[in-house]
There are 2 protein chains.
Amino acid sequence: MDPVLPSRRLTSALDRLRAQGERVTPARRAVLQVLDSADQADEHLTAEQIGVRVADLEPTVHRATVYRTLTSLTDAGVLSHVHLGGTATVYHLVASEAEEREAAGGTDAGAAAYGHLHTHHAHVQCVGCGRVLDVPPEALEGVASRLQEELGFILDTSHAALLGRCADCS
Amino acid sequence: MDPVLPSRRLTSALDRLRAQGERVTPARRAVLQVLDSADQADEHLTAEQIGVRVADLEPTVHRATVYRTLTSLTDAGVLSHVHLGGTATVYHLVASEAEEREAAGGTDAGAAAYGHLHTHHAHVQCVGCGRVLDVPPEALEGVASRLQEELGFILDTSHAALLGRCADCS
DNA sequence: CTGCCTGCAAAGGATTTGCACTCAT
DNA sequence: ATGAGTGCAAATCCTTTGCAGGCAG
């Protein structure tokens, strides 16, 4: 539906960066823009894939810089990463708290539960086709509370993907 | 409790290997023995760590062979691997169906739920200390059935570790 | 201006591969 | 005896690092 235009999420991320005294450079702008577009298309990109797309946007940006940028932006809290089945790590823009609230409030949790989840969410990956599906964090509430009660373990539901086999690959 | 001696699990694994027409070599024996011991001590070893211990047992076994062995034994179904938080992959001996049944039957599920789980089980890893905790697969039943119903996704509860923070690191 | 961020190139570590040989069956 | 498995060494892959220069603030 929406064309890929500089979204509010992108602007917001840049603002938060600046607010922390971090510098906004072409490389960082490009990385954030790539991830913003990817998120809008529900894509999950690895560092390498991000590098390729950044090269389109800003050909002078070096690969090593992409890696360093992903690290520093993650430290700065505007990006998060998810570990997929063993190999890859994929990156996401992190929504501001305001955006997070807005998304939660404006949504019928049931109907939109598996729609476009542009905020905090969990991931499952198919071992057959590699596809990554987004899942609302509530789906893991059961395990989370059980682990907390029985082991004192605080589960981070969005940090690692669960593996399995999707409907198409069964 | 139990000393680390050639266990029934090990013998069984070798038998299943032979039954499939796979050859039993010193390298394979060593890899299986290392993993059997590790499992008994509730350790989770990476390919590299396995390599080190194999070198103690069979100094002539080459690193590359350990990698190839882990792959082929996994294909043969006597080993399984678990992807830990992003980086490492750790290996386990796979219990035979008979052993699996026996463990399930002979055990009070509640009391032993978090004890030594030498069969099929899930994993959670602490992002603080890196420790890996074993968790009975039932803990993930809730998510599993929800994913199946709503997405047709068959969750493999033992194939990837969930991340979070353990009691000591909170 | 100051030093954070970058480009470049080279190092790094883990895993994989080609090849010829050996040993389990 | 025969080919699955192996040892060896080199190649490959992705990621990180040291250093000097450049641009954001």
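We name chains A, B, ... by the order of the sequence lines, and we start the count at 1 in each one. What's counted below: heavy atoms across the whole structure, side chains too, no hydrogens, waters or symmetry copies.
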Asks: Between B:Y67 and B:T25, which is nearer to the 5' end of DNA chain C once each is assigned its nearest nucleotide?
Replies: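 First, find each residue's nearest nucleotide; the 5'-ward one identifies B:Y67.
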
Asks: So do the side chains of B:T89 and B:V82 get within less than 4.5 Å of each other, counting heavy atoms only?
Replies: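 SC-SC contact between B:T89 and B:V82 ruled out.
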
Asks: Using heavy-atom distances to pick each residue's nearest nucleotide on DNA chain D, tell me which of A:R23 and B:R28 is more 5'.
Replies: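 The 5'-side residue here is B:R28.
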
Asks: Do A:Y91 and A:V94 belong to the same hydrophobic cluster, where Ile, Leu, Val, Met, Phe, Trp and Tyr are linked whenever their side-chain heavy atoms lie under 4.5 Å apart, directly or via other members?
Replies: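 No, it is not one cluster - the side chains of A:Y91 and A:V94 are not joined through contacts under 4.5 Å.
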
Asks: Is the number of heavy atoms from other residues, nucleotides or ligands under 6.0 Å of A:R63 CZ greater than 12?
Replies: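 No - once you tally the heavy atoms of other residues, nucleotides and ligands closer than 6.0 Å, there are 12 at most.
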
Asks: Regarding B:A27, tell me which of base, sugar-phosphate or nothing describes its non-hydrogen contacts under 4.0 Å with the strands shown.
Replies: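 Counting heavy atoms under 4.0 Å across all strands, the contact made by B:A27 is with sugar-phosphate only.
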
Asks: For the atom pair OG (A:S12) and CG (A:L93), what is the distance rounded to the nearest 0.5 Å?
Replies: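 Taking OG in A:S12 and CG in A:L93, the distance rounds to 8.0 Å.
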
Asks: Chain B on DNA chain C: first and last contacting nucleotide, 5' to 3', under 4.0 Å to a heavy atom?
Replies: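 Counting from the 5' end, contacts occupy C:dA14 to C:dT25.
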
Asks: Any heavy-atom pair between the side chains of B:L79 and B:H92 that's under 4.5 Å?
Replies: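 Side chain of B:H92 against side chain of B:L79, heavy atoms only: no contact under 4.5 Å found.
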
Asks: Would you say B:H83 and B:H123 make side-chain contact, with heavy atoms under 4.5 Å?
Replies: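 With C-beta onward as the side chain, the pair stays apart.
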
Asks: What's A:S72 touching, base or sugar-phosphate or nothing? Going by heavy atoms closer than 4.0 Å.
Replies: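 Nothing, no heavy atom under 4.0 Å.
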
Asks: Below 4.0 Å from chain B heavy atoms, what is the first contacting nucleotide of DNA chain D and what is the last?
Replies: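 Under 4.0 Å from chain B, the extent on DNA chain D is D:dG3 to D:dA9.
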
Asks: Strictly below 4.0 Å, heavy-atom distances to any atom of DNA chain D: list the hits from residues 46-63 of chain B, or just say none.
Replies: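 When residues 46-63 of chain B is checked for heavy atoms under 4.0 Å from DNA chain D, the hits, listed by number, are B:T60, B:V61, B:H62.
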
Asks: If you round to the nearest 0.5 Å, how far is CG of A:L140 from CG of B:L147?
Replies: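 Atom-to-atom, B:L147:CG and A:L140:CG are 7.5 Å apart.
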
Asks: Output yes when B:E22 and B:R16 qualify as a salt bridge under the 4.0 Å nitrogen-oxygen rule, no when they do not.
Replies: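 No, B:E22 and B:R16 are not salt-bridged.
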
Asks: Rounded to the nearest 0.5 Å, how far apart are CG of A:L17 and CG of A:L73?
Replies: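 Reported value, rounded in 0.5 Å steps: 5.5 Å.
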
Asks: Measuring only between side-chain heavy atoms, which start at C-beta, is B:Q125 closer than 4.5 Å to B:H44?
Replies: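 SC-SC contact between B:Q125 and B:H44 ruled out.
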
